[in-house]
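Atoms within a ligand are numbered from 1 in the order they appear, just like the ligands themselves. Excluded from the calculations below are hydrogen atoms, water molecules and symmetry mates; all remaining heavy atoms, backbone and side chain alike, are included.
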Amino acid sequence: MQHRKITFIGAGNMARAIIAGLVAGGYPAKSISVCAPSAKNRDALAADYGIVSSSDNLACTQAADVVVLAVKPQMMADVCQPLREGVDFSAKLVLSIAAGIQVSRFYQLLGDKLNIVRIMPNTPSLVGKGMSGLYAPQQVSQQDRDYTSDLMASVGKVCWVEDENGINSVIAVAGSAPAYFFLFMEAMQQEAERMGFDSQTARNLVQQAASGAAALVEANPDTPLSTLREQVTSKGGTTAEALRVFNEQQLPATVAKAMQAAVSRAQEME
Ligand code: NAD
């Protein structure tokens, strides 16, 4: 990928995940800087990855080709205000990973000459298994789109959406999804403990079953999920009995309702 000068405004979990992926993929550390008010987080990143650390958002943004806005949504207006006055954004690429802030709001905050891409990553990015949804308005160049794809591919997979509303669907399908699986796994661990396994053994059993199932899905990308399910479900057997209960309890409909609730909440946050 191109090694443009990139700065991260915000030194939290998501900035760390992306920086770790970039450096592991051979992006030159000297082309990466990170800015945050608290020295603790940004200096830890500098120490871990050999990147430049600063408390000066404006100077780093002025010096960068690419600016990643990696602060909490509620901080965004305060962070953008001083940048608008001191930076010519027409020659830069701005990447926002903040949930709930639309492109139109960034035009208000940073001016309408902005080249902006919205990115919705998820926490498995921290272990290189992320799934990021990307959206860019029409005027963003193919070169900038390719650069952003490569950047996020350093921490997982990417999926472009044509319409900005698609970002809210990505939140429901991938952004929030790790928590759905954690909830399912927690419930399984609790029941395993009730069956008599100690907590560590219960966790190991559930964890290995979940990662094994995910690995089977990945190893058989052309096999429908329903076929994989049928392959472990003998007629009249134990799995069939468990699935009968899930279906009786409307698990598929509950999953659909939960995902719709996530979309609705994302829309409310805009
Ligand atoms: P975080 O709280 O871990 O990090 C936020 C960082 O912003 C901190 O380092 C803080 O010091 C810094 N910051 C605060 N004010 C600042 C300022 N004025 N200038 C520069 N830096 C400042 O948050 P996070 O989990 O890394 O999330 C960052 C963004 O990523 C959020 O907008 C969030 O919506 C988005 N996001 C997070 C996830 C997730 O799962 N964590 C997923 C998708 C999107």
Side-chain angles (χ1 to χ4, degrees), residues 6-22 32-49 51-64 67-87 94-103 105-106 109-110 116-135 148 151-152 155-159 161 164 166-183 262-263 265-270:
I6 184 167
T7 195
F8 289 79
I9 310 291
N13 287 324
M14 267 304 149
R16 170 172 281 273
I18 301 170
I19 290 166
L22 287 179
I32 307 173
S33 62
V34 62
C35 301
S38 107
K40 197 169 154 252
N41 282 358
R42 64 167 199 265
D43 288 351
L45 281 172
D48 291 349
Y49 301 109
I51 63 173
V52 178
S53 150
S54 167
S55 60
D56 191 339
N57 291 353
L58 181 59
C60 283
T61 303
Q62 283 167 334
V67 183
V68 183
L69 298 171
V71 296
K72 292 283 184 202
Q74 59 272 25
M75 294 302 302
M76 197 60 84
D78 287 349
V79 164
C80 288
Q81 183 71 36
L83 302 182
R84 179 177 186 142
E85 286 152 21
V87 180
V94 174
L95 307 176
S96 165
I97 63 170
I101 305 187
Q102 289 183 304
V103 163
R105 177 71 179 134
F106 282 107
L109 291 170
L110 295 173
I116 181 152
V117 180
R118 279 187 67 188
I119 302 174
M120 185 46 54
N122 67 3
T123 52
S125 303
L126 292 162
V127 290
K129 289 274 187 183
M131 181 69 240
S132 299
L134 311 179
Y135 166 77
T148 311
L151 188 81
M152 295 316 293
V155 292
K157 296 192 173 174
V158 301
C159 164
V161 294
E164 190 166 8
I167 285 286
N168 291 341
S169 306
V170 169
I171 292 175
V173 182
S176 301
Y180 313 161
F181 293 109
F182 297 150
L183 178 68
V263 170
R265 182 69 191 119
Q267 286 166 343
E268 278 166 20
M269 286 165 68
E270 287 176 352

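Checked by atom type, the side-chain pair Ser33/Ser54 shows no donor-acceptor distance below 3.5 Å.
Proximity of Thr61 to Ile9: side-chain heavy atoms (C-beta onward) are separated by under 4.5 Å at one or more points. By the 4.5 Å heavy-atom criterion applied to side chains, Arg16 and Leu45 are counted as neighbours.
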Note every protein N or O atom lying under 3.5 Å from an N or O atom of ligand 1, pairing the names and giving the distance.
from: ligand 1; atom 1: 3 (O); to: Asn13; atom 2: N; distance (Å): 3.2
from: ligand 1; atom 1: 9 (O); to: Ala11; atom 2: N; distance (Å): 2.9
from: ligand 1; atom 1: 9 (O); to: Gly12; atom 2: N; distance (Å): 3.2
from: ligand 1; atom 1: 19 (N); to: Asn57; atom 2: ND2; distance (Å): 3.0
from: ligand 1; atom 1: 23 (O); to: Lys72; atom 2: NZ; distance (Å): 3.4
from: ligand 1; atom 1: 26 (O); to: Asn13; atom 2: N; distance (Å): 3.1
from: ligand 1; atom 1: 26 (O); to: Met14; atom 2: N; distance (Å): 3.0
from: ligand 1; atom 1: 32 (O); to: Val71; atom 2: O; distance (Å): 2.6
from: ligand 1; atom 1: 34 (O); to: Ala99; atom 2: N; distance (Å): 3.3

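To the nearest 0.5 Å, atom OH of residue Tyr135 and atom CD of residue Gln102 are 9.5 Å apart.
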Between Arg265 and Ser176, is a side-chain contact (heavy atoms from CB on, under 4.5 Å) present by the stated rule, with each step listed?
CA-CA 11 Å; Arg265 182 69 191 119; Ser176 301; over 6 Å; no
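Considering Val67, Leu69, Leu151 as possible partners of Leu95, the one that fulfils the side-chain contact (heavy atoms from CB on, under 4.5 Å) test is Leu151.
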